[in-house]
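The model shown is predicted, which means the values in this text are computed figures rather than measured ones. Sequence lines set the chain letters: A, B, ... in the order given, protein chains first and strands last, and positions in each chain run from 1.
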Number of protein chains: 2
Amino acid sequence: MLDELMPADASGQPCAIRDVLDWIGDQWSLLVLATLAPGVKRFSQLEREIGDVSKQMLSKTLRRLEQDGFVAREVHAEVPPRVEYRLTPLGMSFLEPMRGLIRWAEANQAAIAAARRVAT
Amino acid sequence: MLDELMPADASGQPCAIRDVLDWIGDQWSLLVLATLAPGVKRFSQLEREIGDVSKQMLSKTLRRLEQDGFVAREVHAEVPPRVEYRLTPLGMSFLEPMRGLIRWAEANQAAIAAARRVAT
DNA sequence: GCGATCTGGTCTATGATCGAGACCGCCGAC
DNA sequence: GTCGGCGGTCTCGATCATAGACCAGATCGC
């Protein structure tokens, strides 16, 4: 598993780690996914909840997540316009392993903060 | 867990997801960690195995991972110089949840590739 | 002796990327 | 009429990554 990380090794398969990093390895995707976890949200709601994301990056991130099938976008033709984003089943299934990562992060936050302080 | 993602919410705690993203959310950290998983490696060995990382980014990434306590750096005063990198226990423990993510990636690679193709 | 080579990096020039904030059309409230 | 909310897009600098040249120190072939 871990040995399959060449850009594209002899077997020609594109390497899962690299793919997952391509999909969600940027600054915001994970945050958006996590913010969307509790349920349907609107654009400005995401903007507010995440707090320090620019509209541009939020828009871009959402479009990419939509393209990759992690979130679904639903436009309601009202005034003012209402656009809702929700996790697809794929997006939800992705949250599963993510939870493991977050749990780890919570458990080891202190250890890393300590390591960082000690570092010369 | 997932609802704790504000930049720094009322409770003042720095939000685990954001932290984990700060630590390993960049393009190369995860790849380096995974490459280092099988055991001790030298700088140029990492460079070769990862393949498309620049020396600069590899150097920078390694220094950050070292600072954060994920990898240990050992310099042998020989000629030519030899520098070895290895995972610390913290780094190894991090690989645990990562494996879940990689498994997910492998299982869902096809689904995402499909979603991407369908995307208008 | 004399250059080539190996190592683990750093430095520099150049291009990609990102964030802040202005701007947009639409409409209802004031 | 003009102010605001909505869901974005556009433009402008600042930041960031990438490729590739360069470095010291020692050893190797010749």
Does any non-hydrogen side-chain atom of [Y] lie less than 4.5 Å from one of [X]?
X     : Y     : value
A:L62 : A:F70 : no
B:L31 : A:R18 : yes
A:S29 : A:L65 : yes

Looking at [X], I'd like to know whether one of its side-chain N or O atoms comes within less than 4.0 Å of OP1 or OP2 on [N].
X     : N      : answer
A:R82 : C:dC26 : no
A:S59 : D:dG7  : no
B:W28 : D:dC16 : no
A:R48 : D:dG5  : no
A:S44 : D:dG7  : yes
B:R42 : C:dT7  : no

Select one nucleotide: of C:dG8, C:dC18, D:dG7, the one nearest the side-chain heavy atoms of A:M57.
C:dC18

Nearest of C:dG8, D:dA17, C:dA20 to any side-chain atom of B:K60?
D:dA17

In whole angstroms, how far is the [atom2] atom of [N] from the [atom1] atom of [X]?
X     : N      : atom1 : atom2 : value
B:E47 : C:dT10 : CD    : P     : 12 Å
A:D26 : D:dC16 : CG    : C1'   : 15 Å
A:L46 : D:dC6  : CG    : C1'   : 14 Å
A:L62 : D:dT9  : CG    : C1'   : 14 Å
A:E84 : D:dG7  : CD    : P     : 9 Å
B:R63 : C:dG8  : CZ    : C1'   : 11 Å
B:L58 : D:dA19 : CG    : P     : 13 Å

Identify the two heavy atoms, one from A:D68 and one from A:L90, that lie closest to each other, and give their separation to 0.1 Å.
O-CD2, 3.7 Å

Closest heavy-atom pair and its distance - A:M57, A:T61:
O-OG1, 2.6 Å

Protein-to-nucleotide contact annotation, 5' to 3' order, nucleotides 20-30 of chain D [B base; S sugar-phosphate only; - none; under 4.0 Å, heavy atom]
------S----

With sequence neighbours excluded, give me every salt bridge (charged side-chain N to carboxylate O under 4.0 Å, His left out) pair touching residues 31-40 of chain B.
none

Pick out which of A:R73, A:K41, A:Q45, A:E66 makes a side chain to side chain donor-acceptor pair (under 3.5 Å) with A:Y85.
A:R73

